[in-house]
There are 2 protein chains.
Amino acid sequence: MPRTDSRRLVLDHAARLFRERGYAETSQRDIADACGIRTASLYYHFASKEEIVAEVLNIGVATVSAEVERRVDALGPDAAPAARLQAAITGHLCALLELDNYTGANIRIFGHVPPRVREITMGPRDAYEAWWRDLLAKIAAQGAFRPEVDLKVIRLLLLGAMNWTVEWHRPRPDAAESVEAIARSLTDMALRGVFAEPAAAIA
Amino acid sequence: MPRTDSRRLVLDHAARLFRERGYAETSQRDIADACGIRTASLYYHFASKEEIVAEVLNIGVATVSAEVERRVDALGPDAAPAARLQAAITGHLCALLELDNYTGANIRIFGHVPPRVREITMGPRDAYEAWWRDLLAKIAAQGAFRPEVDLKVIRLLLLGAMNWTVEWHRPRPDAAESVEAIARSLTDMALRGVFAEPAAAIA
DNA sequence: GTCTATATAAGGATAGAC
DNA sequence: GTCTATCCTTATATAGAC
């Protein structure tokens, strides 16, 4: 393997730019400039812009998928449902906001890429969402959720709360809004809610 | 005023297309075609594509803002915190998913428009978010939230869970995932959580 | 693997007729 | 208010040298 993998360099810069500016707003010239090469040189590594973005999207799902499963598996098979949920949430947020730019790029631009690109990259994406479906289903099977809870809607709302962080979270020196803190807030809200007296909840 | 306001027709189709395909992915030709006119005719109503999208974004915020405030105000000044939160959540989701395409367009493309457009449209957007900040602050002042709750993070997570629905919700005949049902699920999770025994929550 | 040069298309925008 | 015609710029992509 080459000492500096220029193919990977292209992907890294592409992921960062796609995440920062969006897909259509990022030209191949932007990507090439960031890499210090010419636009035409990109075609040695990739056949088209769509091929670049497809690979960025796939790496993004692989990254978050690996991170989340790693953290949950590390807890062992007998971990409490609450701990498993917290580990999954922390892993998702960590991949999205800290690990690299691939997952963030995926979340930000997936809905804005050409339909063909969406089609060829949605397999792993669906598989990742299925993993979450399974996680919640297992927790429900243990009787940890209140029975009236709609698992599908809750899953989509939780993933939405997490995915949207990419729109507002900016890395900061202080730990007030660290990824850990956000994960704890979300887990806590999901588990017990934010109300002091839940009994006061609407019928 | 004219019998058919063609300026508004342009905005309506632009909002729909921006919401469906994104900003960069929607050309002025697409908008003109949808309206049954030529590209050049758009310039009678708007000076540029940026002027069109800026107005779409502003209408979107005005719509959701009016809807949310209307529903909360209708409860009267003595309504319970839980009812106010539920009304606000329902109003936001309703504007986003049912009322028209303007709010959905705003949420989907705001992060993808040229920086100048973001700058000139972020005033009302920030004001709307400030309204949410106030709502949660008032509820907190009544002592309804557990004291350790981080109001800023919770606000951003709630708005995120709602805003992300535009990525997955598709209108359906059955009421299983009606806007009302989604709003109830989210309000319920925010208030009391989804766990049967919150005591089992992580330290 | 990267370059220069260039083909080709698409999109935003303007001029001026009707 | 909408049209036809056209300009200008940008972007993807290709050809072929080094």
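First the proteins, then the strands, lettered A, B, ... as listed; each starts at 1. Just so you know, these numbers use all the heavy atoms, side chains as well, and skip hydrogens, waters and symmetry mates.
- The existence of a salt bridge linking B:E67 and B:R70 is confirmed by a sub-4.0 Å separation between a basic side-chain nitrogen and an acidic carboxylate oxygen.
- Of the N and O atoms on the side chains of B:H13 and B:N101, not one donor lies less than 3.5 Å from an acceptor on the other residue.
- In this model, the phosphate group of D:dG1 is not approached by any side-chain N or O of B:S6 to a distance below 4.0 Å at OP1 or OP2.
- For the pair B:K49 and B:Y43, the cation-pi criterion (under 6.0 Å, within 45° of the ring axis) is not fulfilled.
- Using a 3.5 Å distance cut-off with no hydrogens or angles, the side chains of A:S27 and A:D30 do pair a donor with an acceptor.
- We find that A:R16 and A:D12 are not joined by a salt bridge, their nearest charged nitrogen and carboxylate oxygen being 4.0 Å or further apart.
- Counting non-hydrogen atoms of other residues, nucleotides and ligands closer than 6.0 Å to CZ of A:R38 gives a total of 12 or fewer.
- Cation-pi geometry between A:R125 and A:F110 is satisfied (NZ or CZ under 6.0 Å from the ring centre, within 45° of the ring normal).
- Rounded to an integer number of Å, the gap from B:Y44 OH to C:dC18 P is 19 Å.
- The CD-P distance, from A:E50 to D:dT12, rounds to 11 Å in whole Å.
- Salt bridge A:R172/A:E177: absent, no basic N to carboxylate O contact under 4.0 Å.
- For D:dG1, neither phosphate oxygen OP1 nor OP2 lies less than 4.0 angstrom from any side-chain nitrogen or oxygen of B:S41.
- Look at CG on A:D33: it is 14 Å from P on C:dT2, rounded to the nearest Å.
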What are the atom names and distances for every N/O pair under 3.5 Å that joins the protein to nucleotides 10-12 of chain C?
{"from": "C:dG12", "atom 1": "OP1", "to": "B:K49", "atom 2": "NZ", "distance (Å)": "3.0"}
{"from": "C:dG12", "atom 1": "OP2", "to": "B:Q28", "atom 2": "N", "distance (Å)": "2.8"}

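- Using a 3.5 Å distance cut-off with no hydrogens or angles, the side chains of A:N58 and A:Y102 do not pair a donor with an acceptor.
- Between the CG atom of B:L42 and the C1' atom of C:dT14 there is a distance of 14 Å, given to the nearest Å.
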Enumerate all atom pairs, one protein N or O and one N or O from nucleotides 5-8 of chain D, separated by less than 3.5 Å.
none

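- In this structure, CZ of A:R38 is placed 16 Å from P of D:dT12, rounded to the nearest angstrom.
- Counting to the nearest Å, the C1' atom of C:dG1 and the NE2 atom of A:H45 are 6 Å from each other.
- Taking atom CZ on B:F46 and atom C1' on D:dG1, their separation rounds to 13 Å, with Å as the unit.
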